[in-house]
Amino acid sequence: EDREFDELVKKMVNIYQLLSNRDVFQMFYSNLLAKRLLQSLSASIDAERLVAARLKPISGYEYTSKLQRMFTDIEMTTVLQSEFVKYYEENYSNLQPNIVSVNILTSGSWPLQPNPYNLVIAPNFLNSMQIFTKFYASKYPDRKLTWLNHLAH
């Protein structure tokens, strides 16, 4: 199975090399990769990383570094989420469990747009968002947290 996938990636890279307008491919690939990563639809992060590694010699560092940052963000989010759950249980055990699941994404690395909608957030969810914001600010006081609620699923 790994060998089949490796052959498929080689064929994809060969086709990619023949493209005259690689920017269009990169845009679509980045958007679809982001969707797979954010919605946990990827069959294998290692396979996704392999594709990015194979694109690097052709696409260059700038494009593939953004892809690598996306993978790193997802990995770091897993760690941060478990730390948040522990923080929530230790500091807010008196509240009804309503823990948000958050992805922390590096701006500029993800092909995402700001929230185009004026969403009204339910009060109990808003409370959880505020608790997460407080948690995040305590860990990273120099970082700015921007919510992209329209990406929730």
Side-chain angles (χ1 to χ4, degrees), residues 1-90 99-119 121 125-126 128-153:
E1 186 175 299
D2 288 341
R3 193 170 171 200
E4 283 180 32
F5 181 76
D6 195 48
E7 286 300 315
L8 186 62
V9 171
K10 285 180 185 177
K11 289 177 183 177
M12 189 240 0
V13 169
N14 287 340
I15 292 170
Y16 178 74
Q17 287 177 314
L18 299 173
L19 294 175
S20 60
N21 191 352
R22 293 182 185 157
D23 292 345
V24 174
F25 173 89
Q26 290 175 353
M27 180 189 67
F28 278 103
Y29 184 78
S30 295
N31 286 335
L32 292 171
L33 176 63
K35 182 178 180 178
R36 288 192 301 275
L37 293 176
L38 292 174
Q39 296 181 0
S40 301
L41 298 174
S42 179
S44 165
I45 296 292
D46 291 335
E48 301 282 10
R49 283 185 184 274
L50 175 65
V51 172
R54 293 280 173 84
L55 291 174
K56 187 175 183 174
I58 305 159
S59 298
Y61 175 79
E62 184 178 339
Y63 173 67
T64 54
S65 68
K66 287 182 180 182
L67 300 180
Q68 292 299 331
R69 187 65 197 163
M70 290 166 65
F71 299 130
T72 302
D73 285 350
I74 294 300
E75 291 168 354
M76 296 305 295
T77 288
T78 304
V79 173
L80 190 67
Q81 185 66 33
S82 65
E83 291 174 1
F84 174 62
V85 168
K86 184 178 177 184
Y87 169 85
Y88 190 93
E89 290 169 350
E90 289 173 357
I99 299 174
V100 294
S101 177
V102 177
N103 288 305
I104 301 296
L105 313 175
T106 304
S107 87
S109 296
W110 292 79
L112 305 173
Q113 302 300 318
N115 188 350
Y117 311 108
N118 187 14
L119 299 174
I121 299 171
F125 189 71
L126 185 59
S128 293
M129 288 173 60
Q130 291 167 340
I131 293 169
F132 184 86
T133 300
K134 182 179 175 182
F135 161 77
Y136 189 78
S138 71
K139 287 189 70 68
Y140 306 104
D142 296 333
R143 293 185 186 175
K144 181 184 178 211
L145 190 61
T146 303
W147 291 90
L148 300 175
N149 302 324
H150 63 292
L151 298 175
H153 67 277

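Note that the coordinates shown come from a computational prediction; the quantities given were computed from them, not determined experimentally.
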State the CD1-CD distance between Ile15 and Gln17, to the nearest 0.5 angstrom.
10.5 Å
Any Pro111 side-chain heavy atom under 4.5 Å of Met70 side chain:
yes
Does CE belonging to Met76 count more than 12 external heavy atoms closer than 6.0 Å?
no
Spacing of OG belonging to Ser42 relative to CG belonging to Leu33, to within rounding of 0.5 Å
7.5 Å
Using a 6.0 Å cut-off, check whether atom CD of Glu7 has over 12 heavy atoms from anything other than its own residue.
yes
Output for pair (Lys10 NZ, Leu50 CG), nearest 0.5 Å, gives 10.0 Å
Interatomic spacing from CG in Leu80 to OH in Tyr136 - rounded to 0.5 Å
7.0 Å
Does the side chain of Leu145 reach to within under 4.5 Å of the side chain of Tyr140, using non-hydrogen atoms?
no
Can you tell me which residue pairs pass the ring pair (Phe, Tyr, Trp, His ring centres under 6.0 Å) test with a partner in residues 26-66, sequence neighbours excluded?
Phe25-Tyr29
Are the side chains of Asn31 and Leu112 in contact, using a 4.5 Å heavy-atom criterion?
no
Using side-chain contact (heavy atoms from CB on, under 4.5 Å) as the criterion, list what pairs up with Leu8, not counting sequence neighbours.
none
Under 3.5 Å donor-acceptor, Ser59 side chain and Lys56 backbone
no
What distance separates Ser107 OG from Leu148 CG, expressed to the nearest 0.5 Å?
10.0 Å
Could you tell me if the side chain of Ile131 sits less than 4.5 Å from the side chain of Lys134, heavy atoms only?
no
Apply side-chain hydrogen bond (donor to acceptor under 3.5 Å, both in side chains) to Trp110 and Ser30, showing your working.
CA-CA 8 Å; Trp110 292 79; Ser30 295; over 6 Å; no
Contact between Ile104 and Phe132 at the side-chain level, heavy atoms closer than 4.5 Å - yes or no?
yes
Do the non-hydrogen side-chain atoms of Thr78 and Gln81 ever get within less than 4.5 Å of each other?
no
Would a 4.5 Å heavy-atom cut-off, applied to side chains only, mark Ile74 and Asn103 as touching?
yes
If the test is side-chain hydrogen bond (donor to acceptor under 3.5 Å, both in side chains), which one of Gln26, Arg22, Arg54 qualifies with Tyr16?
Gln26
Got a sec, which pairs hit salt bridge (Lys or Arg N to Asp or Glu O under 4.0 Å) with one end in residues 67-85, sequence neighbours left out?
Arg49-Glu75, Arg69-Asp73, Glu83-Lys139
If you apply the rule side chain to side chain contact (heavy atoms under 4.5 Å, CB included), what do you find for Asn149 with Met129, and how did you get there?
CA-CA 10 Å; Asn149 302 324; Met129 288 173 60; 3.6 Å; yes
Any chance you could lay out the side chain to side chain contact (heavy atoms under 4.5 Å, CB included) test for Leu37 and Ile45, step after step, and finish with the verdict?
CA-CA 8 Å; Leu37 293 176; Ile45 296 292; 3.3 Å; yes
Please confirm whether the backbone N or O of Asp2 pairs with a side-chain atom of Asp6, one donor and one acceptor, at under 3.5 Å?
no
Distance-only donor-acceptor check, side chains Ser138 and Tyr87, under 3.5 Å:
no
Considering all heavy atoms, the nearest Ala52-Gln68 contact:
CB-NE2, 3.7 Å
Closest heavy-atom pair and its distance - Ser128, Phe84
O-CZ, 4.4 Å
